[in-house]
Amino acid sequence: MKDNTQRVGRRGEEEACEYLRSLGQTILDRNWRSSHLEIDVITSDPEGLHFVEVKSRTAPAMAEPQLNVGPLKQKRIVKAALSYVHKGGGIRPDQEIFFDIVTVVFYNGHPEIEYYPKAFIPIYV
């Protein structure tokens with residue numbers, strides 16, 4: 001079961017990256033880690049730096065995948081993003097930082113992608 005979940009997750013991240021590239025974003029990093037924290041995808045575009053959480057599921061999904069990015073998960077993503085920035089993660093002083101979500105639901109092997117740019121704004125750190 002875990003192997004299938006990991007396979008779906010990896011394929012979902014591949015699909016998400018292709019989608020983000022099609023929007024003009026440059027993939028800077030994937031599965032970036034700092035200690036126990038992780039960011040699925042980090043991209044850049046003229047608007048700024050995007051920290052992207054990817055949620056992948058196989059239909060039928062029990063709940064909308066983006067609902068699994070609740071306050072605790074958001075807080076962990078923000079902490080990881082701060083670590084990325086403090087370690088010199090290629091951010092320019094004039095760049096905005098965004099927290100996005102991409103969901104990928106596979107229906108009979110075919111991906112349906114939803115993109116939620118600026119999905120949340122951290123109000124805590």
Side-chain angles (χ1 to χ4, degrees):
M1 182 72 160
K2 186 175 183 181
D3 287 342
N4 187 51
T5 301
Q6 289 174 335
R7 192 169 30 258
V8 169
R10 278 192 302 273
R11 183 163 174 230
E13 284 186 11
E14 287 293 330
E15 295 287 346
C17 285
E18 285 304 312
Y19 180 79
L20 293 168
R21 279 188 198 101
S22 77
L23 297 177
Q25 295 189 22
T26 301
I27 307 299
L28 300 177
D29 232 317
R30 289 184 58 185
N31 301 309
W32 185 86
R33 290 188 165 285
S34 175
S35 182
H36 63 285
L37 302 170
E38 181 186 9
I39 299 173
D40 293 334
V41 181
I42 302 169
T43 69
S44 178
D45 68 10
E47 267 197 320
L49 191 64
H50 298 258
F51 294 97
V52 184
E53 178 69 9
V54 179
K55 290 296 183 187
S56 306
R57 301 287 184 270
T58 302
M62 296 291 281
E64 296 294 319
Q66 68 274 18
L67 297 178
N68 288 324
V69 187
L72 183 58
K73 182 67 173 176
Q74 290 175 17
K75 191 171 186 174
R76 292 175 60 83
I77 294 167
V78 170
K79 281 185 180 180
L82 285 171
S83 180
Y84 180 84
V85 170
H86 288 142
K87 290 181 179 181
I91 185 168
R92 298 184 322 263
D94 63 331
Q95 257 184 330
E96 291 285 333
I97 294 177
F98 302 104
F99 295 92
D100 306 343
I101 299 172
V102 174
T103 64
V104 183
V105 179
F106 293 98
Y107 293 91
N108 296 322
H110 300 285
E112 183 176 297
I113 300 170
E114 295 285 334
Y115 179 43
Y116 301 89
K118 305 172 191 166
F120 65 91
I121 299 169
I123 55 172
Y124 50 82
V125 177

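Counting begins at 1 with the first residue of the sequence. The structure displayed is predicted, hence computed values, not measured ones. These values consider heavy atoms only, across backbone and side chains, with no hydrogens, waters or symmetry-generated copies.
In this structure, Arg11 contributes its side chain and Gly109 its backbone to a donor-acceptor pair below 3.5 Å. Looking at Asn4, its side chain never comes within 3.5 Å of a backbone N or O of Arg7 through a donor-acceptor pair.
Residues Ala80 and Trp32 come closest through the heavy atom pair O-CZ3, 3.4 Å. Closest of all the heavy-atom pairs between Ser56 and Gly12 is OG-CA, 3.1 Å. Contact detail for Thr58 and Val8: the closest heavy-atom pair is OG1-CG2, 3.5 Å.
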message = Please evaluate residues Glu13 and Arg10 with respect to the criterion salt bridge (charged side-chain N to carboxylate O under 4.0 Å, His left out), reporting the C-alpha separation (whole Å), side-chain torsions for both, the decisive distance (0.1 Å), and the verdict.
response = CA-CA 5 Å; Glu13 284 186 11; Arg10 278 192 302 273; over 6 Å; no
request  = Show your reasoning for whether side chain to side chain contact (heavy atoms under 4.5 Å, CB included) applies to Lys118 and Glu47.
outcome  = CA-CA 11 Å; Lys118 305 172 191 166; Glu47 267 197 320; 3.3 Å; yes
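A heavy-atom distance below 4.5 Å is not found between the side chains of Val54 and Thr103. Residues Asp45 and Leu23 fail the side-chain proximity criterion, which asks for heavy atoms closer than 4.5 Å. Side chains of Val41 and Cys17 form a contact here, defined as non-hydrogen atoms less than 4.5 Å apart. Side-chain contact check for Thr43 versus Phe51: every heavy-atom pair is 4.5 Å or farther apart. Looking only at side-chain heavy atoms (C-beta outward), Tyr115 and Tyr19 come within less than 4.5 Å of each other. Between Lys55 and Val69 the shortest side-chain heavy-atom distance falls below 4.5 Å. With contacts defined as side-chain heavy-atom distances shorter than 4.5 Å, the pair Val52/Asp40 does not qualify. Annotation: side chain of Asn108 is not in contact with side chain of Phe106 (no heavy-atom distance under 4.5 Å).
Rounded to the nearest 0.5 Å, atoms CG (Leu28) and CD1 (Ile39) are 11.0 Å apart. Annotation: the span from Leu49 atom CG to Thr26 atom OG1 amounts to 11.0 Å, rounded to 0.5 Å. Atom CD1 of residue Ile27 and atom NE2 of residue His50 lie 10.5 Å apart, to the nearest 0.5 angstrom. The distance from the CZ atom of Arg57 to the OG1 atom of Thr5 is 9.0 Å, given to the nearest 0.5 Å.
Put simply, Leu37 and Ile101 are part of two different groups of oily side chains (I, L, V, M, F, W, Y) that touch within less than 4.5 Å, one to the next. Cluster annotation: Phe98 is not connected to Val85 through the hydrophobic network of ILVMFWY side chains, with a link wherever side-chain heavy atoms come within less than 4.5 Å.
Each of Lys73, Arg33, Arg76, Lys79 was compared with Glu38 under the salt bridge (Lys or Arg N to Asp or Glu O under 4.0 Å) criterion, and only Arg33 meets it.
No donor-acceptor contact under 3.5 angstrom links the side chains of Tyr116 and Asp100, judged on distance only.
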